[in-house]
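Report on the following structure.
Chain naming here is simple, since letters A, B, ... match the order of the sequence lines and numbering starts at 1 in each. Predicted model only: the values in this text are computed from it and were never measured.
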Amino acid sequence: MPLPHTTPATEAEAVARQLTLREHIVPDDTGPAPGTPATVAGVDVAYDDVRGIVAAAAVTLDAVTLEVRERATATGPVPFPYRPGLLAYRELPAVLDALGRLATAPDLVVCDGYGIAHPRRFGLAAHLGVLTGLPSIGVAKNPFTFHHQPPAAERGAWSPLLDGTEEVGRALRTQPGVKPLFVSTGHRVTLPTACAHVLNLARRYRLPETTREADRLCRTALSAATRP
DNA sequence: GCGACAG
DNA sequence: ATCTTGTCGC
């Protein structure tokens, strides 16, 4: 069922593949309902650009209790340079590897970065969702090239994230008086549902527990891979 | 041409 | 992403 991933030889090929794959995005709401019994995985990567090594982590949490259910990591060579708009080609190989090492596939994947909020409407979270078939959402820490009005100060407040006049995501306040996160849809999840998931996962801190756990794990995995 | 630009 | 100490605040 999952589609294969291979590293493009050129940026033009990378862009062309995005235009093809984006047709496979399913913009429905067939993923789990926020806060209901389900498993949610956070994925993240860390780099050692000097040695050209990337380490990825996938951590599965219980969506109700937020307890960690499973952890997996993967390391490998950095496969693609960083280019805004092509982040997925840099992160996906290691992330897909880590996800595949989980004994049980999650019901939802939370990515660091964007989903449909992307110059070609096919960011990392959408790409991951299409390849794996899993419901996915993107959670970014900055607005990238998009614009927004600051949401009200209370937790849960949001404002549209705009590419011109098109709403591509939401600036979502997960903690009172703290900088908002930028949430966008990936695959099989609706924008309001995606925001509800993020609020459910970010009860105490700005970032969802899924990304906090994945961030910690990929860093330790990187130092372990870098430490002979 | 210059600046901006997820991680 | 990553380089990096102390420091202001709850």
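The side chain of A:Lys141 places no N or O atom within less than 4.0 Å of a non-bridging phosphate oxygen (OP1 or OP2) of B:dA6. Side-chain N/O atoms of A:Asn142 include one lying less than 4.0 angstrom from OP1 or OP2 on B:dG7.
Between A:Arg90 atom CZ and B:dA6 atom C1' the separation is 12 Å, expressed in whole Å. In this structure, the CZ atom of A:Arg206 is 19 Å from the P atom of C:dC10, given to the nearest Å. Between the NE2 atom of A:His118 and the C1' atom of B:dC5 there is a distance of 11 Å, rounded to whole Å. If you measure from atom CZ of A:Arg120 to atom C1' of B:dA6, you get 12 Å, rounded to the nearest angstrom. Regarding A:Asp49, its CG atom lies at a distance of 8 Å from the C1' atom of C:dT2, rounded to whole Å. Whole-Å rounding puts the A:His148 NE2 to B:dA6 P distance at 14 Å. One atom, CZ of A:Arg219, and another, P of C:dT2, lie 5 Å apart when rounded to the nearest Å. Regarding A:Leu87, its CG atom lies at a distance of 8 Å from the P atom of B:dG7, rounded to whole Å.
Of the listed nucleotides (C:dT2, B:dC5, C:dA1), C:dT2 has the atom at the smallest distance from the side chain of A:Leu222. Each of B:dG7, C:dT2, B:dA6 was ranked by its minimum atom distance to the side chain of A:Asp44; first place goes to B:dG7. Nearest to the side chain of A:Ala140, among B:dG7, C:dA1, B:dC5, sits B:dG7.
The side-chain ring of A:Phe182 is not stacked on the base of B:dA6, judged by centre separation under 5.5 angstrom and plane angle under 30 degrees.
Classified by interplanar angle (parallel below 30°, tilted 30° to 60°, perpendicular above 60°), the ring pair A:Phe146/A:Tyr114 is perpendicular. Ring pair A:His127/A:His5 is perpendicular by interplanar angle, where above 60° counts as perpendicular and below 30° as parallel.
Using a 4.0 Å heavy-atom criterion, one finds that A:Leu86 contacts the bases of the nucleic acid, with or without backbone contacts as well. A:Gly85 comes within contact range of at least one nucleobase, with a heavy-atom separation under 4.0 Å. Counting any heavy atom pair closer than 4.0 Å across all strands shown, A:Ala46 reaches sugar-phosphate atoms only and no base atom. Residue contacts shown for A:Tyr47 are limited to sugar-phosphate atoms, with no base heavy atom under 4.0 Å away.
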Stepwise, does the side-chain contact (heavy atoms from CB on, under 4.5 Å) test hold for A:Arg212 with A:Tyr205?
CA-CA 9 Å; A:Arg212 287 168 50 81; A:Tyr205 301 100; 3.4 Å; yes
Could you walk me through whether A:Arg216 and A:Asp44 pass the salt bridge (charged side-chain N to carboxylate O under 4.0 Å, His left out) test, one step at a time?
CA-CA 9 Å; A:Arg216 280 181 36 182; A:Asp44 195 14; over 6 Å; no
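Ring centers of A:Phe182 and A:His148: under 6.0 Å apart, within the cut-off.
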